[in-house]
Amino acid sequence: MFSGKCTSQARLDGKIAIVTGSNTGIGKITAKEFYRIGAKVIVACRDVKKAEQAVSDIVADVKGDNVGQLVVEELDLASFASIKRCAKSILQKEKKIHLLVNNAGVMACPKGKTQDGFETQFGVNHLGHFLFTSLLLPRIRNSAPARIVNVSSMAHTRGAINFDDINHDVNYSAMAAYGQSKLANILFSKVLAEKLKGTGVNVYSLHPGIVRTELGRTIDQVYFPGLRFLSRFVLYPWIKSPEQGAQTTLYCSIDEKAGEETGLYYSDCKVKEPSTLAKDPELAKKLWEKSIEMVGLKDYDMFNSEDTLPEPLKDV
């Protein structure tokens, strides 16, 4: 009843779109819709077998003429090495990238670290996508008009960026770490949009809603057995299907009105005010600089107009 709907009739014929975490949930629905309206969709996922099954499901479901293509690429956002391999593979195969949807994510994880030593949720949800986007950015710029869509969450309102304990080594709270990562998604989007003004590349962040997906699969391990079932029971009137949850992503990706906007935050296919921290330009700048340091891109100019293989990928 309360779910927004993307009503755009735009098509993506001849366009190249990347959707991370698109083997299930709203990512799969997003990839399916892009395929239906003509895009070549790169299904970038950690589990290649599940991604291939998702591709089979989509092809079986979508009938008709003028559909696009579906291509699987392995992408583990908990590994900088995997992110670099994936980015290099895409850049070697695709001359253009018109649409990047940073959809993949983890939530309410037990305390843990990525392969590069960062708190799992901050590492996957923010740093992984920050690195992936940065490496692809020169190609995206040279494909303008183009869009970058970052799937955040309303949980950002309960988040803060704790620079003194950014990996939550001292005091770990699964939901506080998740909130930090989702706030980071919005702050990243804000700075990136500002830096890309005038280039024809627009940037968006969004809250998809409370969606019936596998995102909360570890919540019982963090708190107590049965919490996931109980949460779904209590929140049932507000829980969206994956199809409903994908609507704001689709809106930011293809809608004509959204195409005239950049750097904004959306919910239910409408612009929405994020939290006060999410609008703090000094916090956004500080996080940007910290993120550059954490992913090891200090000597890399992602805004270089030269569309060659980025220096960080030459030895990959």
Side-chain angles (χ1 to χ4, degrees), residues 20 76-84 102-137 148-197 203-207 215 218 222 263-265 272-303 312:
T20 70
D76 182 355
L77 288 159
S79 163
F80 288 172
S82 174
I83 293 166
K84 289 177 180 179
N102 289 319
N103 163 81
V106 290
M107 182 185 81
C109 302
K111 186 175 183 179
K113 296 287 179 71
T114 66
Q115 290 184 25
D116 303 279
F118 302 107
E119 188 277 317
T120 301
Q121 295 175 96
F122 189 74
V124 170
N125 297 348
H126 172 58
L127 292 178
H129 281 128
F130 184 97
L131 177 59
F132 192 51
T133 303
S134 299
L135 295 172
L136 298 177
L137 195 58
I148 298 169
V149 180
N150 295 317
V151 179
S152 179
S153 169
M154 182 174 63
H156 84 273
T157 60
R158 300 189 297 276
I161 309 297
N162 184 356
F163 290 101
D164 295 325
D165 187 24
I166 205 158
N167 288 305
H168 287 252
D169 292 318
V170 178
N171 295 304
Y172 182 72
S173 160
M175 289 311 296
Y178 180 66
Q180 175 179 254
S181 74
K182 294 289 102 179
L183 174 59
N185 290 154
I186 301 177
L187 294 170
F188 169 45
S189 302
K190 291 280 187 183
V191 177
L192 189 60
E194 188 64 33
K195 289 179 178 291
L196 288 171
K197 273 190 176 175
V203 186
Y204 310 81
S205 61
L206 65 97
H207 168 57
L215 183 62
T218 59
V222 174
L264 303 179
Y265 171 72
K272 185 177 176 64
E273 281 291 304
S275 70
T276 301
L277 285 178
K279 295 183 287 186
D280 184 334
E282 292 304 314
L283 179 63
K285 181 182 177 184
K286 186 175 180 180
L287 176 65
W288 178 278
E289 292 169 351
K290 183 66 174 177
S291 301
I292 290 284
E293 175 190 326
M294 294 174 87
V295 302
L297 293 182
K298 276 190 171 182
D299 299 321
Y300 167 60
D301 180 10
M302 71 181 77
F303 300 101

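Worth knowing before you read on, the calculation uses all heavy atoms, side chains too, and leaves out hydrogens, waters and symmetry mates.
Sorted by first and then second residue, the ring-ring contact (aromatic ring centres under 6.0 Å, His included) pairs with a member in residues 148-168 read H156-Y265; sequence neighbours excluded.
Heavy atoms only, all atoms of each residue included: I166 and Q180 are closest at O-NE2, 3.0 Å. Residues L277 and G159 come closest through the heavy atom pair CD1-O, 3.5 Å. The two atoms that bring A104 and L77 nearest to each other are CB-CD1, 3.5 Å, heavy atoms only. When every heavy atom of M154 is checked against every heavy atom of H207, the shortest pair comes out as N-ND1, 2.9 Å. Across K113 and T120, no two heavy atoms sit closer than the pair N-OG1, 3.4 Å. Nearest heavy-atom pair, N150 versus S189, reported as atom, atom and distance to 0.1 Å: ND2-OG, 2.8 Å.
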Output side-chain donor-acceptor pairs under 3.5 Å for residues 279-287, partner residues at least two apart or in another chain, one line each.
| from | atom 1 | to | atom 2 | distance (Å) |
| --- | --- | --- | --- | --- |
| K279 | NZ | E273 | OE1 | 2.7 |
| D280 | OD1 | E282 | N | 3.0 |
| D280 | OD1 | L283 | N | 3.1 |

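Checking N125 against S181 by side-chain atom types alone, a donor-acceptor pair falls below 3.5 Å.
Between F130 and W288, the ring-plane angle classifies as perpendicular under the 30° and 60° cut-offs.
With rounding to the nearest 0.5 Å, the separation of CZ in F118 from CG in L127 is 6.0 Å.
Taking a 6.0 Å sphere around CG of D299, one finds it holds 12 or fewer heavy atoms contributed by other residues, nucleotides or ligands.
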